Amino acid sequence: MTLEALTARQRAFSEARAWGPFHTPKNLVMALTGEVGELTELFQWLTPTEAESATADPATRARVEDELADVLLYLVRLADVLNVDLLAAANAKIDRNEHRFPTDIGKAALEK
Ligand SMILES: [Mg+2]
């Protein structure tokens, strides 16, 4: 499935339930933030080692997948409402980051 198809499916889901009036940018940002908080909660008291292997446990993996999906769906819906091409914006950001953080700087930091 493409991001465009996911956006269309999420839009249709919202329209079928007449949720448009509730899906203001402010509300969607707040909902997105709440879902990031739910994802954070799954990791907050784990050690770094425990966090790296958290998804080895099937129950935890299911919860992580569920919260990641919530985050993605609100992000996709927010971008749709704001008429933002999320893939174009993300690629433009990576372009800027590639210029901002040249690979030779990263290698030099690792060699110290
Ligand atoms: Mg959630």
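We count ligands from 1, going down the list as the structure has it; atoms in each ligand are counted the same way. Computed over heavy atoms, backbone and side chain alike; hydrogens, waters and symmetry mates excluded. Note that this is a predicted model, so its numbers are computed, not measured.
One of the N, O or S atoms belonging to D70 lies under 2.8 Å away from the Mg ion (ligand 1).
Between L28 and the options D80, L78, T33, a side chain to side chain contact (heavy atoms under 4.5 Å, CB included) holds for only L78.
In terms of distance to the Mg ion (ligand 1), the nearest N, O or S atom of E38 is named OE1. When the N, O or S atoms of E35 are ranked by distance to the Mg ion (ligand 1), OE1 comes first. With respect to the Mg ion (ligand 1), E67 has OE1 as its nearest N, O or S atom.
Atom CD of E41 is surrounded by 12 or fewer heavy atoms from other residues, nucleotides or ligands within 6.0 Å. Other residues, nucleotides and ligands place more than 12 heavy atoms under 6.0 Å from the CZ atom of F43.
In this structure, R17 is positioned above the aromatic face of F13, its NZ or CZ under 6.0 Å from the six-membered ring centre and within 45° of the axis.
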